[in-house]
Amino acid sequence: QVQLVESGGGLVQAGGSLRLSCAASGIAFSINVMRWYRQAPGKQRELVAAISSGGSTNYANSVKGRFTISRDNAKNTVDLQMNSLKAEDTAVYYCNAYFRVDYWGKGTLVTVSS
């Protein structure tokens, strides 16, 4: 019943931008912490950005100043605006929702060519 569906991934050149979106259903969206994670080949999954139910945000140091997380509680969506993309940003990006338990999307691939 719970679904997190990511969209917006694709191929982009270094220096370019992408906007990822995650549509949630089956959860009380507004009370969930929403997060974006990513996992590059051969690497551990890492937290990229998070936004609390109250709207406070946190970012990995590697993306600060380049990525922006936002949420729209009316639409049950969370977005990740990614600017000034680097080859190191290449990864599968996962949407995560947390309130007492974690839920995960299937991921969307972002490939940044150098």
Crowding at CD, Q39 (>12 non-hydrogen neighbours, <6.0 Å): yes

Atom pairs and distances, side-chain donor-acceptor, residues 106-114, under 3.5 Å, sequence neighbours left out:
| from | atom 1 | to | atom 2 | distance (Å) |
| --- | --- | --- | --- | --- |
| T108 | OG1 | G9 | N | 3.3 |

Residue pair Y93, V48: steps toward the side chain to side chain contact (heavy atoms under 4.5 Å, CB included) verdict: CA-CA 9 Å; Y93 284 72; V48 177; 4.3 Å; yes

With sequence neighbours excluded, residues passing salt bridge (charged side-chain N to carboxylate O under 4.0 Å, His left out) with D102: R35

Shortest non-hydrogen contact between T90 and A40, atoms and distance: O-CB, 3.5 Å

Nearest heavy atoms of I69 and W36, plus distance in Å: CD1-CD1, 3.7 Å

Backbone N/O of I51 and side chain of R71: donor-acceptor pair under 3.5 Å: yes

Whether W104 and Y94 hold their rings parallel, tilted or perpendicular, with breakpoints at 30° and 60°: perpendicular

Sequence-distant partners of R66, salt bridge (charged side-chain N to carboxylate O under 4.0 Å, His left out), two or more places apart: D89

Cluster check F29, Y103: I/L/V/M/F/W/Y, side chain < 4.5 angstrom: yes

Exercise: identify the closest heavy-atom pair between L20 and M82: CG-CE, 3.7 Å

For E46, all residues meeting salt bridge (charged side-chain N to carboxylate O under 4.0 Å, His left out), sequence neighbours excluded: R38

Path from I27 to V101 over hydrophobic side-chain contacts below 4.5 Å: yes

Non-hydrogen atoms of S30 and S53 that approach each other most closely: O-CB, 3.3 Å

Selection residues 21-114 - residue pairs positive for disulfide bond (SG atoms under 2.5 Å apart), sequence neighbours left out: C22-C95

Atom pair CG (L85) and CZ (F67), whose distance is rounded to the nearest 0.5 Å: 5.0 Å

Separation between CG of N76 and CD of Q3, rounded to the nearest 0.5 Å: 12.5 Å

Which atom of L4 lies closest to which atom of A24, heavy atoms considered: CD2-CB, 3.4 Å

Flag, side chain of N32 to backbone of M34, donor-acceptor distance under 3.5 Å: no

Contacts of Y59 that satisfy ring pair (Phe, Tyr, Trp, His ring centres under 6.0 Å) - sequence neighbours left out: none

S21 and D79: side chain donor to acceptor below 3.5 Å: yes

Side-chain donor-acceptor contact under 3.5 Å, S17 with N83: yes

